[in-house]
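Worth knowing before you read on, the calculation uses all heavy atoms, side chains too, and leaves out hydrogens, waters and symmetry mates. Start at 1 with the first residue, then count along the sequence.
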Amino acid sequence: MIRLVLPLHLSNLASTNREIALDVEGVATVSAVLDALEVRYPMLRGTIRDQITMKRRPFIRYFACGEDLSLDPATDPLPEEVASGKQPLRVVGAMAGG
């Protein structure tokens, strides 16, 4: 079980809590977590990553265990603390502007 924390606007769109639990088969990666998320909450398809290129959308970041995983390949294994459910994977909508 993977714990995933969504930004408020995406949890509202999905009509769910900000933190959700997802079952991921195989190796826990950002890509696998997002696949499971989009199957369970199809209304979130295309909000976190582009559905054609599967790349992270601008202004979306991934954090786990105090580390920014946004620039790591989405197929890299998540830290053991996240894979075991001890720590959440966080999807954060970055702020921009001046």
Side-chain angles (χ1 to χ4, degrees):
M1 175 200 67
I2 303 291
R3 295 168 44 209
L4 179 69
V5 178
L6 294 171
L8 182 60
H9 68 286
L10 293 182
S11 65
N12 286 343
L13 179 62
S15 297
T16 189
N17 296 324
R18 291 202 55 210
E19 183 171 316
I20 57 176
L22 295 168
D23 290 320
V24 174
E25 296 197 20
V27 177
T29 65
V30 169
S31 183
V33 171
L34 295 179
D35 288 345
L37 176 70
E38 292 171 350
V39 166
R40 188 163 164 193
Y41 299 100
M43 69 286 292
L44 295 179
R45 286 186 187 135
T47 61
I48 297 172
R49 60 184 177 172
D50 182 276
Q51 287 300 284
I52 295 172
T53 65
M54 305 308 270
K55 291 186 180 181
R56 176 180 54 86
R57 292 243 179 238
F59 302 110
I60 294 286
R61 310 292 285 184
Y62 311 126
F63 289 89
C65 304
E67 298 289 324
D68 184 351
L69 306 179
S70 305
L71 299 178
D72 295 348
T75 55
D76 281 1
L78 290 169
E80 178 57 34
E81 294 86 0
V82 176
S84 67
K86 292 178 186 174
Q87 293 287 323
L89 173 64
R90 296 177 187 278
V91 176
V92 177
M95 297 179 68

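Follow the hydrophobic side-chain contacts under 4.5 Å out from Val27 and you never reach Leu22; the two are in separate clusters. Hydrophobic clustering (ILVMFWY, side-chain heavy atoms < 4.5 Å, transitive): Ile2 and Ile60 are in one cluster. Grouping the Ile, Leu, Val, Met, Phe, Trp and Tyr side chains by contacts below 4.5 angstrom, directly or via other members, places Ile20 with Leu78.
Within a 6.0 Å sphere centred on CZ of Arg90, heavy atoms belonging to other residues, nucleotides or ligands number 12 at most. The number of heavy-atom neighbours closer than 6.0 Å to CG of Leu8, taken from other residues, nucleotides and ligands shown, is above 12.
Of all heavy-atom pairs spanning Phe63 and Val92, the tightest one is CD1-CG2, 3.7 Å. Between Met1 and Ala21 the shortest heavy-atom distance is SD-CB, 3.4 Å. Looking at every heavy atom in both residues, Ser11 comes nearest to Asn17 through CB-O, 3.7 Å.
Contact of the Met54 side chain with the Ser31 side chain is not registered, since no non-hydrogen atoms from C-beta on lie closer than 4.5 Å. Counting heavy atoms from C-beta on, the side chains of Pro7 and Val91 come closer than 4.5 Å. At a threshold of 4.5 Å between non-hydrogen side-chain atoms, the residues Pro79 and Leu69 count as touching.
Atom CZ of Arg45 is separated from atom CG of Asp50 by 14.0 Å, given to the nearest 0.5 angstrom. With rounding to the nearest 0.5 angstrom, the CZ atom of Arg18 is 9.0 Å from the CG atom of Asn12.
Panel note: side chain Arg57, backbone Gly46; a donor-acceptor pair is recorded below 3.5 Å.
Every pair passing salt bridge (Lys or Arg N to Asp or Glu O under 4.0 Å) that includes a residue from residues 66-86 is listed here, sequence neighbours excluded: Arg61-Asp68.
For Glu38, the side chain to side chain donor-acceptor pair (under 3.5 Å) partners two or more places apart in sequence, or in a different chain, are Arg49, Gln51.
Checking Ile48, Leu71, Leu4, Val33 one by one against Tyr62, the side chain to side chain contact (heavy atoms under 4.5 Å, CB included) holds for a single residue, Ile48.
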